[in-house]
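Beneath this line is the structure, given in structure tokens, with notes to follow.
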Amino acid sequence: MAQKFSNADIANLLRNIAVAYTLKDEKKHRFQIIAYQNASEAISHSTIELQDVYRDKNLEDFPGIGSSIKKYLEELFEKGSVKHFNSLLETVPKAVFPLLDVPSFGPKKAERLVTHFHLSNPKTVLEDIENLAKNGQIAEIPGFGAKSEQDILRALNEYKRGTNKSDRMILPYAYALSQTILEYMSKCPEIIEIQPLGSLRRMVSTIGDIDLAVTTHTSEKVLDHFVSYPGVERVIERGPTTAAILVSGGKHIDILVLPPESFGSMLQHFTGSKFHNVTLREYSLKKGYSLSERGIKLLKEDSKMKTFTDEKSFYNFLGLDYIPPEIREDQGEIEAAKTHTLPNLVELSDIKGDLHIHSNYPIEPSHDMGQDTMIAHVKKAEELGYAYIGFSEHNPSVMNHTPEQVIEILKRRQEFIEQKIKSKFNVRVFNLLELDILVDGSLAIPDKTFDYLDAVIVSIHSSFSLDKKKMTERIIKGLSHPKAKIFAHPTGRLINKRQGYQVDWEVLFDFVKTNNKALEINSWPTRLDLPDVLVKQARDRGIKFVVNTDSHALEHMDNMFYGVSVARRGWCEKKDILNTYPVTKLENWIQE
DNA sequence: GCCGTTTTCGGCCCGACTGTTTTCAGTCG
């Protein structure tokens with residue numbers, strides 16, 4: 001049985017190969033180094049396991065992997081190690097590698113320290129360096145000085161405390177932090193325009209640090225104001241046009257300040273993603289343009305930099321349609337912008353209803369129930385301009401009730417919805433339920449109860465550790481019930497807390513498509529499930545989605561925005577999202 | 001070592017900042 005290698009293991013190995021080449025001869029191996037770094041990053045960002053790609057014999061299709069790396073990876077999966085890699089890694093002192101995880105340490109700095117002091121133990125190297133710095137021995141090496149010695153001490157200290165390793169922020173937290181900073185910055189009268197960019201503008205599910213762009217004619221004053229922010233723990237850097245601060249909680253805030261005529265190129269540059277920018281710049285180079293945050297340079301002539309006040313004209317100048325920030329991930333959007341085939345992304349205002357609401361109706365559920373009444377939720381739906389709403393409390397607990405009691409509860413609930421809710425509002429109310437798919441694939445309530453429901457949402461709330469094949473069969477069996485229409489929070493992940501369970505997505509996507517079911521895009525900020533990457537894969541196969549909030553209280557219904565952002569990141573158009581349909585069209589699908 | 005709508009050969013993003021320098025190397029995004 002071959003060894004199991006995680007994507008993180010493989011990415012780390014390839015990064016170390018890049019490091020080995022860097023130390024061996026950076027000039028000579030320049031492009032190999034880039035190739036190994038690219039492969040490493042692509043693998044670490046992938047949501048599919050590379051070992052599965054290998055098993056399916058698709059390694060050559062994986063971006064960043066060509067014929068050479070493919071051969072080495074095959075050797076890795078078959079034999080457990082790679083001869084060529086091993087001999088390369090032997091040329092690097094082992095104590096170098098732990099240092100590479102510490103910010104501000106790169107291959108060169110790590111190697112110089114390790115060789116100079118003959119450090120050989122990777123387990124103690126961090127402490128060894130710390131002690132040397134404390135003794136003032138590092139400042140004495142040529143090329144180092146008192147300041148860099150202090151920087152090393154601080155970097156090690158922050159790394160040890162986990163300051164830089166803390167969880168990436170979930171979206172509402174990042175929003176709140178950016179709002180606090182924006183409020184503070186708004187007191188600076190020299191600012192003409194300010195906007196958060198980076199992964200927050202792209203609405204990535206987790207945010208590393210906050211990026212701000214500012215236009216002004218007096219950058220000095222703006223930067224002075226920025227680094228004087230009261231919550232600042234440390235000013236990381238401060239130059240004429242950029243600065244970075246560390247605030248409590250270990251979060252970085254970066255700022256870029258430019259005159260207004262460059263606002264377009266600045267937005268473009270600082271929004272990213274890095275992968276999008278690299279590909280865009282490579283594409284532009286071939287057309288004779290060099291791109292930067294300051295504008296576009298024509299390589300042929302000695303003409304001065306062409307500047308752009310808005311992003312649309314920047315993209316248009318390159319012969320591209322405007323690309324929405326959410327899909328700037330180098331997933332084919334540049335090609336699509338060129339051929340005018342970008343998707344017309346779904347908007348929050350396209351949403352006509354929310355089908356996953358937990359009210360406080362006394363259903364005696366198996367899991368948590370909502371806080372607010374059905375009536376309050378319907379009123380809120382009216383305020384949001386919705387045409388319909390679906391109540392989908394958890395099923396009544398089967399442990400505490402006989403089947404007859406469960407049937408009775410749902411019969412009473414149906415009567416309540418018909419008589420007390422439906423007749424009183426213009427919003428169409430769907431009588432749904434969120435049902436557990438049990439470990440054997442059966443649904444948690446007696447079959448007779450389905451007579452009292454319009455349809456059900458099914459989901460996994462137990463036995464998360466089934467193997468991939470069994471889990472996939474379990475889901476498909478549960479979803480096979482004629483009244484099961486939506487598979488909720490399909491991966492089961494909880495951001496920063498729990499990985500999703502194992503599912504064979506190819507098989508599940510086929511089933512969902514063939515049987516006209518839908519996958520939920522759950523808007524709960526720590527779920528955002530189905531994740532964007534899988535949304536795009538499913539959408540490419542023609543699968544339909546329902547964007548739901550999974551609300552347990554009135555105010556949760558405002559989270560729809562996050563789910564729509566996930567749909568947009570998955571390239572979804574209005575037609576891909578079932579709860580953008582008018583009520584009769586949605587009714588037809590539910591009753592199919 | 002990877003990659004392809006001017007290429008299966010000949011390219012490979014771009015600039016910021018810091019610390020140690022006296023013109024640059026290293027790291028970061």
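Below, read A as the first sequence line, B as the second, and so on, with proteins coming before strands; counting in each chain starts at 1.
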Determine whether more than 12 heavy atoms belonging to other residues, nucleotides or ligands lie under 6.0 Å from atom NZ of Lys147(A).
-> no
Rounded off to whole Å, could you give me the CZ-to-P distance for the Arg238(A) and dA16(B) pair?
-> 15 Å
d(CD1, Ile65(A); P, dC3(B)) in whole Å = 9 Å
Donor-acceptor pair, Arg168(A) side chain versus Thr206(A) backbone, under 3.5 Å?
-> yes
Reckon Ile33(A) touches a base, only the sugar-phosphate, or nothing at all at heavy-atom distances under 4.0 Å?
-> nothing
Gap between atoms CD and P, on Gln268(A) and dG15(B) respectively (whole Å) = 13 Å
Considering just the side-chain nitrogens and oxygens of Thr339(A), establish if one lies under 4.0 Å of OP1 or OP2 belonging to dT5(B).
-> no
Looking at the angle O4'-C1'-N9-C4 for a purine or O4'-C1'-N1-C2 for a pyrimidine, is dT21(B) syn or anti, with syn meaning within 90° of 0?
-> anti
Compare the minimum distances between each of dT18(B), dG19(B), dT27(B) and the side chain of Ser148(A), then state the nucleotide with the smallest one.
-> dG19(B)
Check step by step if salt bridge (charged side-chain N to carboxylate O under 4.0 Å, His left out) holds for Arg328(A) and Glu311(A).
-> CA-CA 13 Å; Arg328(A) 296 183 197 167; Glu311(A) 268 185 322; 2.8 Å; yes
Going by 5.5 Å between centroids and 30° between planes, is there a stack of Phe31(A) over dC2(B)?
-> no
Would you tell me whether Ser262(A) and Arg294(A) have side-chain atoms, one donor and one acceptor, within less than 3.5 Å of each other?
-> no
Check every strand shown and say whether Phe270(A) touches a base, only sugar-phosphate, or nothing at a heavy-atom separation below 4.0 Å.
-> nothing
On DNA chain B, more 5' by nearest nucleotide between Pro142(A) and Pro107(A) is Pro142(A)
Please report, rounded to the nearest Å, how far the P atom of dG29(B) is from the CG atom of Asp211(A).
-> 10 Å
Rounded to whole Å, NZ of Lys109(A) lies from P of dG19(B) at a distance of 10 Å
Glu329(A) and its salt bridge (Lys or Arg N to Asp or Glu O under 4.0 Å) partner, picked from Lys274(A), Arg568(A), Arg569(A), Lys536(A) = Arg569(A)
Does a side-chain heavy-atom distance below 4.5 Å link Tyr36(A) with Ile69(A)?
-> yes
Separation between the C1' atoms of dT8(B) and dG1(B), rounded to whole Å | 15 Å
Among dG19(B), dT7(B), dT27(B), the nucleotide that comes nearest once only the side chain of Asp151(A) is considered | dG19(B)
Arg541(A), CZ atom: more than 12 neighbouring heavy atoms under 6.0 Å = yes
The Watson-Crick or G-U wobble partner of dG4(B), with both key distances under 3.5 Å, is dC9(B)
Does OP1 or OP2 of dG15(B) have a side-chain N or O of Lys297(A) closer than 4.0 Å?
-> yes
Does Thr241(A) make a side-chain N or O approach to OP1 or OP2 of dC17(B) shorter than 4.0 Å?
-> yes
State which of dC13(B), dG15(B), dG26(B) makes the closest approach to the side chain of Lys274(A).
-> dC13(B)
Among dC17(B), dA16(B), dC13(B), which nucleotide sits nearest the side chain of Val278(A)?
-> dC13(B)
Taking the C1' atom of each, how far is dA25(B) from dT20(B), in whole Å?
-> 9 Å
Would you kindly give the CZ-to-P distance between Arg15(A) and dG1(B), to the nearest whole Å?
-> 19 Å
Arg281(A), nearest nucleotide to its side chain (from dG15(B), dC13(B), dC17(B)) | dC13(B)
By nearest-nucleotide position on DNA chain B, the 5'-leaning member of Ile34(A) and Gly106(A) is Ile34(A)
Expressed in angstrom and rounded to an integer, what is the separation of Glu60(A) atom CD from dC3(B) atom P?
-> 11 Å
Rounded to the nearest Å, what distance is computed from the CG atom of residue Asn277(A) to the P atom of nucleotide dG29(B)?
-> 15 Å
With the side chain defined as heavy atoms from C-beta on, Ser67(A) is closest, among dC13(B), dG1(B), dC2(B), to dC2(B)
Side-chain contact check for Ala35(A): nearest option of dT20(B), dC17(B), dG1(B) is dG1(B)
Winner on side-chain proximity to Ser290(A), out of dG1(B), dT6(B), dC14(B), is dC14(B)
Name the nucleic acid region contacted by Gln32(A), choosing base, sugar-phosphate or nothing; use a 4.0 angstrom heavy-atom cut-off, strictly under.
-> base
Could you work out the separation of dT22(B) and dC12(B) based on their C1' atoms and round it to a whole Å?
-> 32 Å
